[in-house]
Amino acid sequence: MRRIVSLLLLCLAYWVNAEIYGWQDGAGNKHYSDRPAAAAKVLDVKPGYGFYRVKKVFDGDTLMLEDGRKVRLLGVNTPEIEHRNQPEQAGGEEAKRWLAAKLQNRKVRLEMDAEATDKYGRTLAHVFTDQKEHINLQLVEQGLAAVNIYPPNLLYVDRLVDAERRAEQARLGIWHRLEYAPIPAEHLPASGHPGWTRVTGRVAALRSSRKFVYLKFSDKFEARIEKKGLPMFPDLSRYQGRSVEVRGWLNKYKGGYSMLIRHPSAIVGDSRS
């Protein structure tokens with residue numbers, strides 16, 4: 001009964017967008033209203049969370065809720081599973097099995113960031129269980145996912161990056177797989193490298209175009225950063241002459257390859273002045 005009353009109070013507070021008053025009459029009966037009354041006190045009604053049951057897990061970072069919404073976990077990327085005639089990437093099925101075992105038929109709540117959906121219409125969210133487990137974070141902690149930040153969605157960035165650093169140091173999950181070992185920029189194969197990739201090398205020069213600033217590693221590889229995102233980054237000149245690692249997806253570019261860097265967390269290495 002007390003839970004029902006609490007839920008009614010929350011609904012009332014939401015519907016009328018007003019203070020809620022409570023009082024007790026001489027017979028001990030409790031009363032609630034959005035209007036003040038004699039001896040009534042303003043109640044501290046805290047907003048609650050909506051919980052939704054997980055109906056299906058598609059892969060390590062995508063699921064469907066019972067209400068039909070498809071949810072893409074924010075801030076993380078797990079290897080792909082086999083789909084559309086594409087082979088599984090190493091660790092993809094492992095991440096899917098972990099997420100399914102964790103969430104199948106369980107209730108979760110969603111915490112949104114700056115963008116509600118992606119270009120595919122999927123809901124973007126951090127997912128928490130009814131036991132307050134942060135699923136996005138746990139995937140990274142287990143080494144089942146790499147951090148993948150898409151500004152302006154920056155919620156929990158520091159926690160995710162710290163968890164990734166610890167998982168990498170402990171060589172958990174993807175961090176001990178040869179398939180995700182760093183590739184020297186000068187040794188990138190002509191066929192490229194499928195999926196999420198780590199590339200290492202010395203930043204030989206910086207160049208600029210109308211839209212991007214490029215960290216030039218060689219004639220065959222550059223990392224590019226959109227100029228509108230530069231305020232998030234340190235002074236890029238600090239990278240010149242330094243050895244760093246960049247993380248992301250390769251795109252063919254002028255007979256070589258380029259990698260879009262959206263957030264400083266995708267550059268790992270020495271940027272000291």
Shortest non-hydrogen contact from [X] toward [Y]:
X: Asp113; Y: Leu155; result: OD2-N, 2.8 Å
X: Val57; Y: Lys96; result: O-CE, 3.6 Å
X: Gln89; Y: Pro79; result: OE1-CA, 3.6 Å
X: Ile149; Y: Leu154; result: CG2-CD2, 3.6 Å
X: Val161; Y: Ser265; result: CG2-CB, 3.7 Å
X: Arg109; Y: Glu111; result: NH1-OE1, 3.4 Å

| task | Using the six-membered ring of Tyr52, assess whether NZ or CZ of Arg69 lies under 6.0 Å from its centre and within 45 degrees of the ring axis. | result |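 Cation-pi check for Arg69 and Tyr52: passes.
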| Residues clustered with Met64, ILVMFWY side-chain links under 4.5 angstrom |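 Listed partners: Phe58.
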| request: In sequence, state the C-alpha distance, the side-chain angles, and the governing distance for Leu65 and Val108, and then conclude on side chain to side chain contact (heavy atoms under 4.5 Å, CB included). | output: CA-CA 9 Å; Leu65 302 177; Val108 298; 4.0 Å; yes
Are the side chains of [X] and [Y] in touch, meaning some heavy atoms are under 4.5 Å apart?
X: Asn148; Y: Val76; value: no
X: Leu73; Y: Leu63; value: yes
X: Arg72; Y: Asp61; value: yes
X: Met112; Y: Thr123; value: yes
X: Val127; Y: Leu110; value: yes
X: Gln138; Y: Glu133; value: yes
X: Tyr150; Y: Asp118; value: no
X: Gln131; Y: Arg106; value: yes

| request: Flag yes if more than 12 heavy atoms outside Asp67 fall under 6.0 Å of its CG atom; otherwise flag no. | output: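 Yes - once you tally the heavy atoms of other residues, nucleotides and ligands closer than 6.0 Å, there are more than 12.
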| request: Kindly write out the residues that satisfy ring pair (Phe, Tyr, Trp, His ring centres under 6.0 Å) with His263, not counting sequence neighbours, or none if the list is empty. | output: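 By the ring pair (Phe, Tyr, Trp, His ring centres under 6.0 Å) rule, His263 matches no residue at all.
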| query | Under the ring pair (Phe, Tyr, Trp, His ring centres under 6.0 Å) test, which residues partner Phe221, sequence neighbours left out? | reply |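 Phe221: ring pair (Phe, Tyr, Trp, His ring centres under 6.0 Å) contacts with Phe217.
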Shared hydrophobic cluster, [X] / [Y] (ILVMFWY, side-chain heavy atoms < 4.5 Å):
X: Leu99; Y: Val147; result: yes
X: Val199; Y: Leu260; result: no
X: Leu188; Y: Val246; result: yes
X: Val203; Y: Phe212; result: no
X: Trp196; Y: Ile183; result: no

Which residues satisfy the side chain to side chain donor-acceptor pair (under 3.5 Å) test with [X], sequence neighbours excluded?
X: Asn153; value: Glu115
X: Ser237; value: Asp235
X: Asn105; value: none
X: Tyr214; value: none

| query | Under the side chain to side chain donor-acceptor pair (under 3.5 Å) rule, what pairs show up with a residue in residues 171-189, not counting sequence neighbours? | reply |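 Checked against side chain to side chain donor-acceptor pair (under 3.5 Å) - neighbours excluded - the pairs reaching residues 171-189 are Glu94-Arg177.
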Does any N or O in the side chain of [X] come within less than 3.5 Å of the main-chain N or O of [Y], such that one atom is a donor and the other an acceptor?
X: Tyr257; Y: Trp249; result: no
X: Asp59; Y: Ile81; result: no
X: Thr62; Y: Gly60; result: no
X: Asn136; Y: Leu74; result: yes

What's the spacing between [X] [atom1] and [Y] [atom2] if we round to 0.5 Å?
X: Gln240; Y: Arg202; atom1: CD; atom2: CZ; answer: 8.5 Å
X: Lys102; Y: Arg97; atom1: NZ; atom2: CZ; answer: 16.0 Å
X: Glu93; Y: Glu82; atom1: CD; atom2: CD; answer: 8.0 Å
X: Ile267; Y: Arg247; atom1: CD1; atom2: CZ; answer: 11.5 Å
X: Thr117; Y: Leu124; atom1: OG1; atom2: CG; answer: 6.5 Å

Of all residues at least two apart in sequence or in a different chain, which pass the side chain to side chain contact (heavy atoms under 4.5 Å, CB included) check with [X]?
X: Gln169; result: Arg165
X: Asp219; result: Lys216
X: Ser258; result: Arg224, Tyr253
X: Thr200; result: Pro182, Pro184, Glu245

| said: Looking only at the side chains, is there a donor atom on one of Ser208 and Lys227 sitting less than 3.5 Å from an acceptor on the other? | reply: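 Yes - a donor-acceptor pair under 3.5 Å links their side chains.
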| Derivation and outcome, side chain to side chain contact (heavy atoms under 4.5 Å, CB included), residues Val140 and Glu164 | CA-CA 6 Å; Val140 176; Glu164 182 179 67; 3.7 Å; yes
| query | Does a side-chain N-to-carboxylate-O contact under 4.0 Å join Glu222 and Arg207? | reply |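 Looking at Glu222 and Arg207, the cut-off is met.
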| message | Between Leu236 and Ile225, does the side chain to side chain contact (heavy atoms under 4.5 Å, CB included) criterion hold? Intermediate values first, please. | response | CA-CA 10 Å; Leu236 295 185; Ile225 300 168; 3.9 Å; yes
